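Data block below; observations after.
From a predicted model like this one, the values you see are computed outputs, not experimental measurements.
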Amino acid sequence: MSDAPAPETDERRDRLVEVLRSELGDRVVDSLVKPGDDVWVRVATDAWQETGRVLRDALRCNFFDFLSAIDWLPSPFGKSEDSPLDQRPALSTDIVTGYAGGETRFQVFARVTSLPERVSITVKADVPLEDLAVDTWSAIYSGANWHEREIHEMYGIGFRGHPYLAHIYLPGDFEGHPLRKDFPLLARHVKPWPGIVDVEPMPDEGDDAEAEGDAAAEGAE
Amino acid sequence: MGLVESGKMPKPLTNLLNISRRYSIWIFQWGLACCAIEMGAALGSPRYDVMRLGVIPLPASPRQADLVCISGTVTDKMVPAIRRLYDQMPDPKYVISMGSCANCGGPYWDSYSVTKGVDQIIPVDVYVPGCPPRPEALLEGIVLLQERIRHEDMAERWKGDPIVVT
Amino acid sequence: MTAISDRQKLAYVNAQAADGRVNLEFETEEGMTLNMGPQHPATHGTLRIVAKLDGEQVIHCEPVMGYMHRGYEKLLEVRTYPQVNTLVNRIDWLGSFTNEVPFILASEKLMGVEAPPRAQWIRTILFELGRIANISLFLGDTALHMGGMTAAFYAFRDREFVLNQIEAVTGGRFHPNFDRIGGLKDDFPKGWIADTKAVMARLRDFCDEIEDLVVGNEIFQARTRGIGIIPGDIAQSYGLSGANLRASGVDWDLRRDVPVGLAWDQCDWTVWTHPDGDSFSRYWVRLQEVREATKIVDQLCDGLPSGPIMAKVPRIIKVPEGEAWVATENPLGEMGYYVVSKGDLGPFRVKIRTASFNNISVIPWVTRGVYVPDVISILASLYFILGDIDR
């Protein structure tokens with residue numbers, strides 16, 4: 001965000017990737033460094049816990065930012081269904097993953113920071129659908145404990161070795177995993193978004209205004 | 001209060017009781033979200049000073065309160081607690097629903113975990129709109145409620161039916 | 001030295017006072033279970049604390065959250081970018097503007113847009129005003145939990161002046177919804193800067209007043225000094241941030257250490273740390289933070305550059321594909337958004353990293369073995385906002 005042009009290389013972030021590669025070998029599947037901005041590393045699923053240990057011990061990334069997950073499946077209910085500008089394109093079910101790639105629908109990702117180096121890293125790992133679980137980080141970063149509970153609740157992803165994988169937000173009898181893309185927001189289905197037509201026609205403006213309103217409403221459907 | 005229950009309250013006595021009740025409301029604050037801060041400003045800050053209206057904030061428990069102010073987002077997990085709170089209050093009891101979330105769900109109208117309006121679980125006397133309402137708006141809600149109490153037929157209220165104020 | 005120290009005696013008296021407010025439930029074995037909440041004055045709203053007690057000591061203390069869970073991360077997936085702005089205001093409802101900034105910055109990063117300097121400066125000023133509005137309430141509220149009502153009234157009184165200034169610019173006391181991708185909705189109104197400087201001077205007086213009234217108070221010191229000590233490495237491992245981290249002696253402030261384009265590097269201010277890591281130091285660091293914030297606002301008001309407040313952005317905002325993370329030092333600590341875009345009108349996935357969620361995850365660790373009234377002191381000094389925990 002500074003005025004200086006972005007540097008071509010970034011030694012601090014390149015070193016992170018190098019150390020991870022030397023410690024984990026080919027279990028570092030992919031990586032992406034944006035010089036002066038950020039770094040993403042994807043590791044194999046079985047190396048997830050070891051990655052955390054390497055980050056903490058070898059790279060001194062002691063500060064735990066967050067741990068989360070993502071569902072790469074495009075939402076079966078449309079993305080911007082309430083916008084009059086979208087013609088509701090045919091919904092694809094292709095999974096297109098983000099930076100540092102990926103092969104599965106679910107991914108876990110975490111971010112840790114090295115305070116002395118002032119550099120952060122985002123690590124990702126695939127979570128295969130047939131065995132929806134990874135090893136826990138809660139013994140490495142204590143803060144991961146609650147984040148993993150949250151992910152377990154929101155995505156149904158298990159964490160092997162977690163001390164207490166209970167509900168954290170939702171009442172105990174809640175069904176489903178809300179942050180999965182195929183979890184519908186029922187209120188939106190029952191009652192369409194009222195803001196589709198953002199200006200209602202004036203009552204005495206005659207047919208023209210009404211037709212316009214209808215057209216906008218149709219465009220949204 | 002056999003007199004009230006029998007429905008044969010003399011009018012002057014009703015008037016007297018209503019005036020006294022109007023100016024001695026104990027308000028229990030059920031602060032949930034953003035509105036709780038504005039409610040705190042209305043009830044606790046020297047600038048708005050709710051006590052000049054004859055309203056006493058901060059009772060120790062709902063069992064001593066006449067009025068509860070539900071301010072903020074009501075989630076499905078919170079609903080049993082609110083229901084229990086309401087059941088604990090002695091009659092006659094009044095409810096102010098403060099803010100869009102407590103009125104109808106507000107900005108979380110499509111959320112999977114938010115109750116779309118506290119009136120689904122307890123009867124509400126006054127709705128204060130806004131996100132969040134200014135403290136003045138809450139004070140006006142309290143004044144409206146006082147007006148309602150002033151003209152209330154206590155016998156009707158005791159029956160537990162909803163009251164209609166003109 | 002007697003068997004019971006003065007502090008313990010005091011703790012006992014306070015426990016008696018607190019007794020009227022807590023709801024006791026007995027369990028069959030292993031001592032007693034104490035339930036506080038889900039609506040409890042000491043929990044700033046709707047946090048519920050379930051503590052297992054042995055006499056007056058806490059064996060284990062487990063926070064139960066979710067009473068304010070509104071499903072933000074799901075809702076943001078069905079909102080467009082301008083709509084997201086409205087919603088995220090309500091995460092940390094005391095410093096609303098500060099919630100918008102990291103999201104807007106992350107979106108701008110993905111779009112490759114940069115707001116003009118004047119917009120960045122005004123953002124910084126409003127950000128710091130949000131910090132003052134937020135933390136000044138903490139300063140009064142914490143004293144309230146320790147039994148001192150007066151400070152809370154003072155805080156509410158002086159906070160109004162800050163809210164007035166925010167309202168004069170944005171039109172909202174609480175939820176300004178003022179930040180836009182590429183700049184700001186509006187400029188400062190006429191005469192605002194002079195008023196703000198007067199308010200800042202007043203807030204510095206408020207800090208002095210609080211220092212006299214609370215920090216020097218014997219009871220307050222007895223209830224906070226040496227209570228709830230969190231060492232720096234534990235704090236980092238739990239991801240504590242903001243004043244909680246700095247009070248543990250870790251010199252880390254995102255405003256200084258990870259610049260995101262806002263104008264903090266343009267002025268002269270100090271990051272305060274405290275080596276103790278106890279409740280008192282957390283209070284003290286926050287008090288200094290308000291002082292520094294007033295200084296920042298004063299300096300930025302003096303040097304405010306002229307120019308436009310909006311960069312050129314398309315009327316309909318579509319953010320290109322990519323992933324971006326921006327975090328800022330919010331009043332409660334590090335708040336960041338991990339925005340994943342698929343080139344749509346709305347984000348594909350937004351991970352909201354809120355400060356309070358990490359900050360209170362340390363509660364089970366820090367409350368082991370403390371006395372019941374110390375739980376109140378620890379909760380108050382960790383300073384969380386329920387919307388910021390549950391989202």
Between C:Glu323, C:Met68, C:Arg349, which has the largest tally of heavy atom pairs under 4.5 Å with chain A? C:Glu323
Cut-off 3.5 Å, side chains only: do A:Glu148 and A:Trp137 have a donor facing an acceptor? no
Can a donor-acceptor pair be found between the side chains of A:Thr122 and A:Arg111 at a distance below 3.5 Å? yes
Can the ring centroids of A:Phe66 and C:Trp325 be said to lie less than 6.0 angstrom from one another? yes
Checking heavy atoms, do the side chain of C:Lys74, its backbone, both or neither come under 4.5 Å from chain A? both
Can you say whether C:Val250 sits under 4.5 Å from chain A via the side chain, the backbone, both, or neither, judging by heavy atoms? side chain
So for C:Ile234, is it side chain, backbone, both, or neither that comes closer than 4.5 Å to the heavy atoms of chain A? neither
Output the option from A:Ala144, A:Ser68, A:Pro178, A:Ser142 having the highest count of non-hydrogen pairs under 4.5 Å with chain C. A:Ser142
Part of A:Asn145 within contact of chain C (heavy atom distance under 4.5 Å): neither
For C:Phe103, is there any backbone N or O sitting under 3.5 Å from a side-chain donor or acceptor partner on C:Ser107? yes
What residue in C:Arg353, C:Arg391, C:Lys342 has the most heavy-atom pairs under 4.5 Å with chain A? C:Arg353
Keeping A:Thr45 on the side-chain end and A:Asp126 on the backbone end, is there a donor-acceptor pair under 3.5 Å? yes
Given heavy-atom pairs under 4.5 angstrom as the criterion, report whether the side chain, backbone, both or neither of A:Ala69 touches chain C. backbone
Proximity breakdown for A:Arg180 and chain C, heavy-atom pairs closer than 4.5 Å: backbone
For A:Leu170, which atoms come within 4.5 Å of any heavy atom of chain C: side chain, backbone, both, or neither? side chain
Do A:His147 and A:Phe64 have their ring centres less than 6.0 Å from each other? yes
Less than 4.5 Å to any heavy atom of chain C: does that hold for the side chain of A:His167, its backbone, both, or neither? neither
Part of C:Phe357 lying under 4.5 Å from any heavy atom of chain A: both
Got a donor-acceptor contact below 3.5 angstrom from the A:Asp71 side chain to the A:Lys181 backbone? yes
Is it the side chain or the backbone of C:Glu334 that comes within 4.5 Å of chain A heavy atoms, both, or neither? side chain
C:Tyr67 side chain vs C:Leu386 backbone, donor-acceptor pair below 3.5 Å: no
Tell me, side chain or backbone of A:Asp38 under 4.5 Å from chain C's heavy atoms, or both, or neither? side chain
Selection from A:Met154, A:Glu150, A:Arg56 maximising heavy-atom pairs under 4.5 Å formed with chain C: A:Glu150
Hits for side chain to side chain contact (heavy atoms under 4.5 Å, CB included) against A:Thr113, two or more places apart or cross-chain, chain-then-number order -> A:Phe63, A:Asp65, A:Leu115, A:Ser120, C:Trp252
Check whether A:Trp72 gets within reach of chain C through its side chain, its backbone, both or neither, counting any heavy atom under 4.5 Å. both
Inter-residue atom distance A:His152.NE2 - A:Ile168.CD1, 0.5 Å rounding: 11.5 Å
Hey, are A:Glu117 and A:Arg60 close enough for a salt bridge, meaning a charged N less than 4.0 Å from a carboxylate O? no
Just by distance, do the side chain of A:Asn62 and the backbone of C:Ser237 share a donor-acceptor pair under 3.5 Å? no
Measure C:Val258 against the heavy atoms of chain A and call it side chain, backbone, both or neither at under 4.5 Å. neither
Among C:Leu240, C:Asn358, C:Asp265, which has the most heavy-atom pairs under 4.5 Å with chain A? C:Asn358
So what's closer than 4.5 Å to chain A heavy atoms on C:Leu262: side chain, backbone, both or neither? neither
